[in-house]
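Everything quoted here is computed from the prediction, not taken from an experiment. Computed over heavy atoms, backbone and side chain alike; hydrogens, waters and symmetry mates excluded.
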Amino acid sequence: MRLRVVEFLSFSRVCKSWRSLALSNRKRFMASKPPMAMLLDKNTCYLQDFEGREFKTILPLSGDRTCIRVTCGYLIFMGEKTRDFWLVNLITRHELYFPDVPIDVVRPEESRHVRAILVFSPSINGWVFVMLVRFKYKIWFSIAGKRAWNHLFSTLPLIDLHPFKGKIYILSMEDSVIGGTCMGNETRPCA
């Protein structure tokens, strides 16, 4: 537990017995460490821990993929032409792939409006990738390994989504705050 993150990962790569020990303590170890600052620059990611140590890693992607967000320690890359999603955890090197979203969901010029999160669902014991395009009326989700998308409708245009205590909260136009007033069908002061 006294190791730093990079040393812990090196420790887990020594042999099978050390890897087993590291995996059995990984959740507790990672929870005990403060987050790292991250800066993305083209195909390189710079990390800095709270002790001021800096690390540099080359991103495994190239071509027409753009990093659009970070969720649960994963960088979210979206294919500009293919509209698929590839999630990469820079610390563990774990990867998740989600297939092309249906053609009417995201056009290349809308990639900056994509909001996406990764959540673990205990009921299916797996990862679920949830996304929306700002100002549209659908929430899309895909279960890791299933290679399919499903969606839910909203009666209001959607703005963002966030996980909190095992639930996913959606921010709609009715709920958004701009300059101290709520935007929606009517403008009113926010408490």
Side-chain angles (χ1 to χ4, degrees), residues 5 9 12-13 23 26-27 30 35-47 55-164 166-173 176:
V5 173
L9 295 172
S12 68
R13 293 182 180 128
L23 288 176
R26 182 166 141 196
K27 192 172 189 175
M30 294 305 275
M36 299 176 89
M38 180 174 19
L39 171 69
L40 295 173
D41 181 33
K42 300 202 184 227
N43 291 332
T44 306
C45 179
Y46 301 92
L47 300 168
F55 307 94
K56 179 174 128 178
T57 184
I58 304 299
L59 299 176
L61 302 172
S62 61
D64 70 339
R65 293 186 185 276
T66 303
C67 183
I68 60 167
R69 286 186 84 112
V70 177
T71 182
C72 294
Y74 287 83
L75 298 177
I76 303 174
F77 293 93
M78 182 178 140
E80 292 177 18
K81 293 178 185 169
T82 58
R83 295 177 326 278
D84 60 339
F85 293 90
W86 191 28
L87 283 66
V88 179
N89 187 311
L90 292 178
I91 302 296
T92 64
R93 293 294 183 181
H94 185 249
E95 299 176 10
L96 294 168
Y97 177 77
F98 297 91
D100 303 359
V101 293
I103 195 149
D104 65 330
V105 177
V106 182
R107 294 189 301 270
E109 65 272 11
E110 294 177 322
S111 65
R112 72 180 192 280
H113 292 296
V114 172
R115 300 297 186 254
I117 58 174
L118 182 67
V119 293
F120 186 80
S121 171
S123 62
I124 62 169
N125 196 28
W127 291 103
V128 180
F129 186 63
V130 184
M131 60 136 322
L132 61 83
V133 178
R134 293 184 73 192
F135 312 114
K136 294 201 176 180
Y137 295 83
K138 291 181 186 175
I139 302 163
W140 292 86
F141 60 96
S142 179
I143 299 169
K146 299 293 183 185
R147 303 191 54 81
W149 288 91
N150 293 304
H151 65 274
L152 301 169
F153 287 99
S154 169
T155 57
L156 297 168
L158 303 170
I159 297 184
D160 210 346
L161 63 156
H162 295 280
F164 183 70
K167 296 182 180 181
I168 299 172
Y169 292 87
I170 307 297
L171 182 65
S172 68
M173 287 295 285
S176 68

If you compare all heavy atoms of [X] against all heavy atoms of [Y], which two are closest, and at what distance to 0.1 Å?
| X | Y | answer |
| --- | --- | --- |
| I117 | T71 | CA-OG1, 3.5 Å |
| M78 | V114 | SD-CG2, 4.0 Å |
| I159 | S172 | CD1-O, 3.9 Å |
| P99 | A148 | CG-N, 3.9 Å |

Roughly how far, to the nearest 0.5 Å, is [atom2] of [Y] from [atom1] of [X]?
| X | Y | atom1 | atom2 | result |
| --- | --- | --- | --- | --- |
| H151 | L132 | NE2 | CG | 13.5 Å |
| L158 | K136 | CG | NZ | 11.5 Å |
| N150 | I143 | CG | CD1 | 7.0 Å |
| R69 | I76 | CZ | CD1 | 7.0 Å |
| Y97 | R147 | OH | CZ | 5.5 Å |

- May I have the step-by-step check of side-chain contact (heavy atoms from CB on, under 4.5 Å) for M131 and F98, ending in yes or no? CA-CA 11 Å; M131 60 136 322; F98 297 91; over 6 Å; no

- Task: Go through the steps for Y137 and T155 under the test side-chain contact (heavy atoms from CB on, under 4.5 Å), then give the verdict.
- Result: CA-CA 7 Å; Y137 295 83; T155 57; over 6 Å; no

- Message: Parallel, tilted or perpendicular, judged at 30° and 60°: which one describes the rings of W149 and F129?
- Response: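 Aromatic pair W149/F129 classed perpendicular.
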
- Message: Before you tell me yes or no, could you show the steps for V119 and F141 under side-chain contact (heavy atoms from CB on, under 4.5 Å), namely the whole-Å CA-CA distance, both residues' side-chain angles and the distance that decides it to 0.1 Å?
- Response: CA-CA 10 Å; V119 293; F141 60 96; over 6 Å; no

- Could you go through the side-chain contact (heavy atoms from CB on, under 4.5 Å) check for I170 and I168 one step at a time? CA-CA 7 Å; I170 307 297; I168 299 172; 4.0 Å; yes

- Item | Close side-chain approach of N125 to F120, heavy-atom, < 4.5 Å |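 Yes - at least one pair of side-chain heavy atoms lies under 4.5 Å apart.
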
